[in-house]
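Input: a single structure, listed below in structure tokens.
Throughout, a chain's letter reflects where its sequence line sits, starting with A, and its residues are numbered from 1.
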2 protein chains.
Amino acid sequence: MEEVQIGGMRFTLDLSQPLYEQVLDQVRSSIAKGEIALGSKIPSVREMAQALKINPNTVMRAYQELERDQLTETRRGQGTYITTDSARVEQIRYRAAEQAIQEFLGKMASFGFDAQAIEKLLRKYGGEST
Amino acid sequence: MEEVQIGGMRFTLDLSQPLYEQVLDQVRSSIAKGEIALGSKIPSVREMAQALKINPNTVMRAYQELERDQLTETRRGQGTYITTDSARVEQIRYRAAEQAIQEFLGKMASFGFDAQAIEKLLRKYGGEST
DNA sequence: TAAGTGCATTATATCACTTAATACACTTAA
DNA sequence: TTAAGTGTATTAAGTGATATAATGCACTTA
């Protein structure tokens, strides 16, 4: 539950998920929400590892997945930079949204809620998130 | 992707999740959707294990979690039975729904979608599940 | 009594995740 | 040229969750 500030991003790691996945999610979220400027540099692997008190290899794994999604570009000897391709960011955003929706609706259906019931529940429980 | 019929339920196991979790989810779903009658008996641990071609201990783990949630009652020497307490089933259903909603909204928020955007996307992608 | 229940125990194996320690190629600035 | 900082690759080791295997026990029913 410890919060760490680094490179204009806030990080909170716990043991509920793989560390590399949490780093990946939180950097991707910062990009998607526009909290970090396109084209800007993110902390180096070693710097991030030290700040989060985790192994550089674990950070590497997260960074490599970001690059596979073309959300970052890495320049050998220089560092890792957020893409300047805003269309790519939008693509990732909507792809993630579609997947989240499918998962959500599938789970709700497995508990026997139809579209109408889901709509009603969304109004009831939808008010109080972060 | 192999589908197995047993005890009035359809099972499909894969390697994407722990086996005990998949068994747990699919039995719980059958109860929640009313596909299996309250008070009825579900297959024995050994029977289920043989049908799904997995270890009895793995089935046990799923069954124990069902009993912890009071969705089943086990009678030593007799077997495992679905609860007759319909209110309990409803409680589990709505608790699960609330959790799914919170997770969904949290994920969408992390990608920068507000309530209005979520509503719009639900209409767009909401049609084609199952 | 025999067969079928849930349940407990012990051992083993596998896999994902994480850390650790090094090393190398590259870039930049002193 | 040098030194420091980049990403990256490699090898080794440890840990925990998951799953299987083999056995046995207490209980219930036919």
Side-chain angles (χ1 to χ4, degrees), chain A residues 2 4 6-9 11-27 36 39-83, chain B residues 2 4 6-9 11-28 31 36 39-83:
Chain A
E2 190 176 348
V4 175
I6 177 163
M9 297 179 281
F11 283 86
T12 310
L13 301 183
D14 54 55
L15 299 175
S16 67
Q17 269 182 325
L19 296 176
Y20 81 91
E21 209 169 299
Q22 297 182 51
V23 173
L24 170 62
D25 285 345
Q26 295 182 38
V27 174
I36 188 169
S40 65
K41 186 183 178 185
I42 64 177
S44 76
V45 170
R46 291 173 179 80
E47 195 177 355
M48 179 72 84
Q50 190 171 12
L52 300 180
K53 295 172 185 168
I54 63 180
N55 196 277
N57 292 338
T58 304
V59 177
M60 259 300 294
R61 186 163 176 185
Y63 278 23
Q64 285 180 333
E65 197 136 338
L66 285 171
E67 200 192 11
R68 241 176 276 134
D69 285 349
Q70 297 175 8
L71 283 177
T72 59
E73 299 167 5
T74 72
R75 307 176 197 156
R76 213 187 176 90
Q78 292 189 43
T80 303
Y81 296 79
I82 307 295
T83 182
Chain B
E2 190 176 348
V4 175
I6 177 166
M9 298 179 281
F11 282 87
T12 310
L13 300 184
D14 54 56
L15 299 176
S16 67
Q17 268 182 324
L19 297 176
Y20 81 90
E21 209 169 300
Q22 296 182 53
V23 174
L24 170 62
D25 285 345
Q26 295 183 40
V27 174
R28 185 165 44 197
I31 299 173
I36 189 170
S40 66
K41 185 182 177 184
I42 64 177
S44 76
V45 169
R46 290 172 180 81
E47 196 177 354
M48 179 72 84
Q50 190 172 12
L52 300 181
K53 296 171 184 168
I54 62 179
N55 196 277
N57 292 338
T58 304
V59 177
M60 261 299 295
R61 185 164 176 184
Y63 278 22
Q64 286 180 333
E65 196 135 339
L66 285 170
E67 202 194 10
R68 240 176 278 134
D69 285 349
Q70 297 174 9
L71 284 177
T72 59
E73 298 167 5
T74 71
R75 306 175 197 157
R76 211 186 179 92
Q78 293 189 43
T80 303
Y81 296 80
I82 307 294
T83 182

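Residue contacts for B:Arg61: at a heavy-atom cut-off of 4.0 Å it reaches the sugar-phosphate backbone alone, with no base atom in range. Using a 4.0 Å heavy-atom cutoff across all strands shown, B:Glu67 reaches sugar-phosphate atoms only and no base atom.
In this entry the distance linking CG of B:Leu15 with P of D:dT20 reads 10 Å, nearest Å. The distance between atom CD of B:Gln78 and atom C1' of D:dC27, rounded to the nearest whole Å, is 9 Å. Between the CZ atom of A:Arg76 and the P atom of D:dT8 there is a distance of 7 Å, given to the nearest Å. Atom CG in B:Leu19 sits roughly 12 Å away from atom C1' in D:dA17 (whole-Å rounding). As a whole-Å value, the separation of B:Leu66 CG from C:dC7 P is 11 Å. The distance between atom CG of A:Asn57 and atom C1' of D:dT10, rounded to the nearest whole Å, is 10 Å. Protein atom CG of A:Asn55 is 16 Å distant from nucleotide atom P of D:dT8, rounded to whole Å. As a whole-Å value, the separation of B:Arg75 CZ from C:dG4 P is 20 Å.
The side chain of A:Thr80 places no N or O atom within less than 4.0 Å of a non-bridging phosphate oxygen (OP1 or OP2) of D:dT6. At D:dT18, one or more side-chain N or O atoms of B:Tyr20 fall inside 4.0 Å of OP1 or OP2 (strictly under the cut-off). Between B:Thr58 and D:dT20 there is a side-chain polar atom (N or O) within less than 4.0 angstrom of OP1 or OP2. For A:Ser44, a side-chain nitrogen or oxygen approaches OP1 or OP2 of D:dT6 to under 4.0 Å.
Residue order along DNA chain C, read from the 5' end via each residue's closest nucleotide, puts B:Pro43 first among A:Lys53 and B:Pro43. Residue whose closest nucleotide on DNA chain D sits further toward the 5' end, between A:Lys41 and B:Glu21: A:Lys41.
Of the candidates D:dA19, D:dG7, C:dG6, the closest approach to any side-chain atom of A:Met60 belongs to D:dG7. Set against C:dA8, C:dT5, C:dT19, the side chain of B:Gln64 has C:dA8 as its closest nucleotide. If you check D:dT18, C:dC7, C:dT18 against the side chain of B:Thr74, the one that comes closest is C:dC7.
Looking only at distances, a side-chain donor or acceptor of B:Asn55 sits under 3.5 Å from a matching main-chain atom of B:Asn57. Side-chain N or O atoms of A:Gln26 include one that pairs as donor or acceptor with a backbone N or O of A:Thr12 at under 3.5 Å.
Distance check, rounded to the nearest 0.5 Å: NZ of B:Lys53 to CG of B:Leu19 gives 13.5 Å.
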Q.
Set out, in order, the CA-CA distance, both residues' side-chain angles and the distance that settles side chain to side chain contact (heavy atoms under 4.5 Å, CB included) for A:Val23 and A:Ile54, then state yes or no.
A. CA-CA 11 Å; A:Val23 173; A:Ile54 63 180; 4.2 Å; yes
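In the model, B:Glu67 has a side-chain atom that pairs as donor or acceptor with a side-chain atom of B:Thr74 under 3.5 Å.
Using the Watson-Crick or G-U wobble rule with both distances under 3.5 Å, C:dA2 pairs with D:dT29.
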